[in-house]
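Read the structure below first, then the notes.
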Amino acid sequence: MHANNLLLLLLAFVAAAFYVGRGRANHIAKLAGGSRQLHSLPDYHGHYTALCCGLPAVLLLILWIIFSGHVISAMVLDSLPAGQFLGDPGGRELLANKIANIAQGVLPKANQPAILVAAAEELNRLTQISRWSVTALASCVSLVGLIWARSRITPELRSRPRVEASIRYALFFCACVAVFTTFGIIFSVLFESLQFFQSVPVVDFIFGLEWSPQTAIRDDQVGSSGSFGAVPLFVGTLLVSAVAMVVAVPIGLMSAIFLAEYAHKSVRAYAKPALEVLAGIPTVVYGFFAALTVAPFLRDLGQGYGFSVSSESALAAGLVMGVMIIPFISSLSDDVITAVPQSLRDGSLAMGATHSETVIRVVIPAALPGIVAGIMLAISRAIGETMIVVMASGLAANMTFNPLDSVTTVTVQIVTLLTGDQEFDSPKTLAAFALGLVLFLITLILNIIALKVVKRFREQYE
Amino acid sequence: MSKEPIYLEKIQRSLVGRYRAERVFRGCGMLAVSLGLAAVLLVFVDIFIKGTGAFSATYIALDVTYEKDLLGIENFADQRQVNSGDWEAVYKQALRRDFPDIRKRGERRKLYALVSSAAGYDIKDRLLANPGLLGSKETLWVLADDDIDSYYKSWLDGNAYTARLTDGQIRVLDTLINTERMQLRFNANFLTRGDSREPEQAGIWGAVIGSFLTLMLTLVLSFPVGIAAAVYLEEFAPKNKVTDFIEVNINNLAAVPSIIFGLLGLAIFINLFQIPRSIPVVGGLVLAVMTLPTIIITSRAAIKSVPPSIREAALGMGASRNQTVLHHVLPLALPGMLTGAIIGMARALGETAPLLMIGMVAFIVDIPAGFTDPATVLPVQIFLWADSPERAFIEKTSAAIMVLLGFLVTMNTSAVWLRKRLERRW
């Protein structure tokens, strides 16, 4: 039976278990003289029975889904005569794939070696057996659970605490998904990066000045050894981010100050959400805007003044990225500026300072930690931003600090190295993971510091 | 005391400069806000101007004759005849009759190229729907090629774009325009078809469905888990190291660049779990993992805003902690959680980078029918079209962006509306 159908069957069992348990509890309550004699409400007894019925079977099913495929394919491969097909470990996987394809009818059975066809048939047979056996086993387990739970229902049975405890465990598990995700990210990125660093030394990667990730198909090809020095990428990333921050920090900060300190309530009510629209526009839209509107405009403008502006200049990508980041800085700064206590402003104004003097000399210094944290979050955002640079900046790894030139960034390289079908163990694809590791670490450090600062700032004033 | 007038005078004098500084500072603030708002306006207007063209397409009127010999068809019930029918011959013959002086082979081919290659299929569909037309004559509007579309639209604007046309083609087009046999009509193809290499046939429906399937999965996976995590952290979590660790993790994940989630999806879901590339299942998984922190954070805020008196009342009446949460806190926090979920979904809808990693950039013509069909999503479709060299794809891209922004605006306004409608002030 297919896993989905089995799940439906189990669901039916669980529903039945609920009604059986509740019915039993009602019956016992009637014998004992009303449901007040029970420790838990009949519904909780129903839930308890349902849990006993469903949980072990579902666990069994999950284990089966994870392991059955591997076990069966190992059994089939072991039944093949050794030597002939099993040259290297990679060949074993290929062979398993081939047999699976024959078994599913993806590859036609004709003109395949008879031994493989036989293996495919064996595979199908074993799969059938395993499906039926897991169906039978899961049904048995759930039925046993149902009967056992039903037999335990007495007026004293503490069903409610048990059900509630299991709900709490489920909630805890859900909260842990975020932790699993972090570990998943770390392990996936770290594991592949370590493989990469086996072929390219760490020092060459971090301090190398040349980036050309082509690897040869044949060993004797020209330029067969790609070079993986990531410094040009870091420089490009920094350049684009710097342009973005030059745009975003003054505009974002000044709008936050204006909206928090000067603007009339009604202006603020419309201008703030309107600015935040900028944060809601998908980055691919910004990328299109940068590549097709801003970049040609800058190129023509540069030609008019005699500059040569690359049509994939860092300036275009940076400008648009800065526009994207304005609302991050403005709303974070707005939050911290409004959190500065009114008494500080009143004190300054009472001493005869003008409004702008109060803002510059009192409010901003008081809000500075929060503002800096907001800027750090914005920088981490700029470094990790992908689509704008993928669409509007180039692929050539130039070492330059001239924003009119074309540069490439870490994220652009990750995307270009990993899009499309590629084999998974060449240094080229692994390099993308190493870049991902660098990106993850940098943004992680920026975020942790920024979040700490914000937290301390909040504690200070709230 | 005698110095006081001097101080006062000094202050009076300095006031001019200080008030000027005040005005400048205020002006800077206003300038910053207006720059930001101007940027919003600029992006929208730019996209709108570029994109509106894609909602109409150029059609050419031809006097066609559905001759049996020409089509090679006697009877529509015969599947073999239908399959081998020469549907394009219908419009080719009409073009030949209208422009008899074009005789050279190359020029003829250029003449036929005025009409989109989709026209043959349109004629086929029309005849299959109305078999009675066989043998009759009519004036049929057929879809023009994308270069003709660009030419006609730019001609209407007064600045004809002729770069990709031959002189012969332009003469033919001028004849067609002068005899009013060229027209802009509503481009239904754009909204109902899947992707295509030919700009005039390309549509966004496949991407819309792909986005819908992916988002459904994202919502189903991330909403319950997010709510459960938020409930645990707000209502049940003890104050200890484990809880702190979970919180730090969630806050950091919310700020991790989205492309990193693409790497996670590639390494874990595709390589380890062997889920095929390019399908909504893997896209939904990656986006779910990505939006989870957002949903947890907004849900926690919603739970926090339920006043403690509600909980205390329930506990005082003898409800257990679980009952308090399930019967009282959750229903009151649900509107806030829903708002958060919609905003999270809007963000997931616009997300592109992680989906590039997991192979959702494939060129897919068919409209996906299920969670395991290869699919692409709206933002990725925009990315693919933006990369295409054909001029006609620029307006397609802008129009697709308009559709995407339309969805986003709808989702966000409904979130705001929901919050306004269901929000309670305590």
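Within every chain, numbering begins at 1; the chains are lettered A, B, ... in the order of the sequence lines, protein sequences first and strands thereafter. The model shown is predicted, which means the values in this text are computed figures rather than measured ones.
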Report task. Determine, stepwise, if the pair Ile185(A) / Leu253(B) fulfils side-chain contact (heavy atoms from CB on, under 4.5 Å). Result -> CA-CA 10 Å; Ile185(A) 289 175; Leu253(B) 277 185; 3.9 Å; yes
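- At a heavy-atom cut-off of under 4.5 Å, chain B is reached by Ala271(A), Ala274(A), Leu275(A) from residues 267-275 of chain A, listed in order of number.
- Phe289(A) has its side chain within reach of Leu42(B): a pair of non-hydrogen atoms, C-beta onward, lies under 4.5 Å apart.
- At a 4.5 Å heavy-atom cutoff, the contact between Asp46(B) and chain A is made by side-chain atoms alone.
- Pro379(B) touches chain A through backbone and side chain together, each having a heavy atom under 4.5 Å away.
- Inter-residue side-chain proximity for Phe440(A) and Leu263(B) is flagged as unmet; no heavy-atom pair is nearer than 4.5 Å.
- Taking all atoms of both residues into account, the shortest heavy-atom contact from Ala267(B) to Phe433(A) is CB-CE2, 4.0 Å.
- Of the atoms belonging to Leu292(B), it is side-chain heavy atoms, and not backbone ones, that fall under 4.5 Å from chain A.
- With chain B as the partner, the residue from Met391(A), Glu385(A), Met387(A) showing the most heavy-atom pairs under 4.5 Å is Met387(A).
- Within residues 343-353 of chain B, the residues approaching chain A closer than 4.5 Å by heavy atoms are, in numerical order, Gly350(B), Thr352(B), Ala353(B).
- Of the options Ile227(B), Val225(B), Leu233(B), Val231(B), a side chain to side chain contact (heavy atoms under 4.5 Å, CB included) to Leu171(A) is made by Val231(B) and by none of the others.
- For the pair Phe236(B)/Phe172(A), no side-chain contact is recorded, criterion being any heavy-atom separation below 4.5 Å from C-beta on.
- Proximity to chain A is limited to the side chain of Val242(B), based on heavy atoms less than 4.5 angstrom apart.
- Using a 4.5 Å cut-off between heavy atoms, Glu235(B) does not touch chain A at all.
- Residues Ser380(A) and Val256(B) fail the side-chain proximity criterion, which asks for heavy atoms closer than 4.5 Å.
- Taking CG from Asn249(B) and OG1 from Thr182(A), the interatomic distance works out to 3.5 Å, rounded to the nearest 0.5 Å.
- Considering OG1 of Thr411(A) and CD1 of Ile259(B), their distance stands at 5.5 Å, rounded to 0.5 Å.
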Query raised in the report: Can you check side-chain contact (heavy atoms from CB on, under 4.5 Å) on Leu451(A) and Asn252(B), steps first, answer last?
Result: CA-CA 9 Å; Leu451(A) 290 173; Asn252(B) 277 323; 3.8 Å; yes
Query raised in the report: Phe288(A) and Ser398(B): side-chain contact (heavy atoms from CB on, under 4.5 Å), yes or no, with the steps?
Result: CA-CA 8 Å; Phe288(A) 178 71; Ser398(B) 306; 3.4 Å; yes
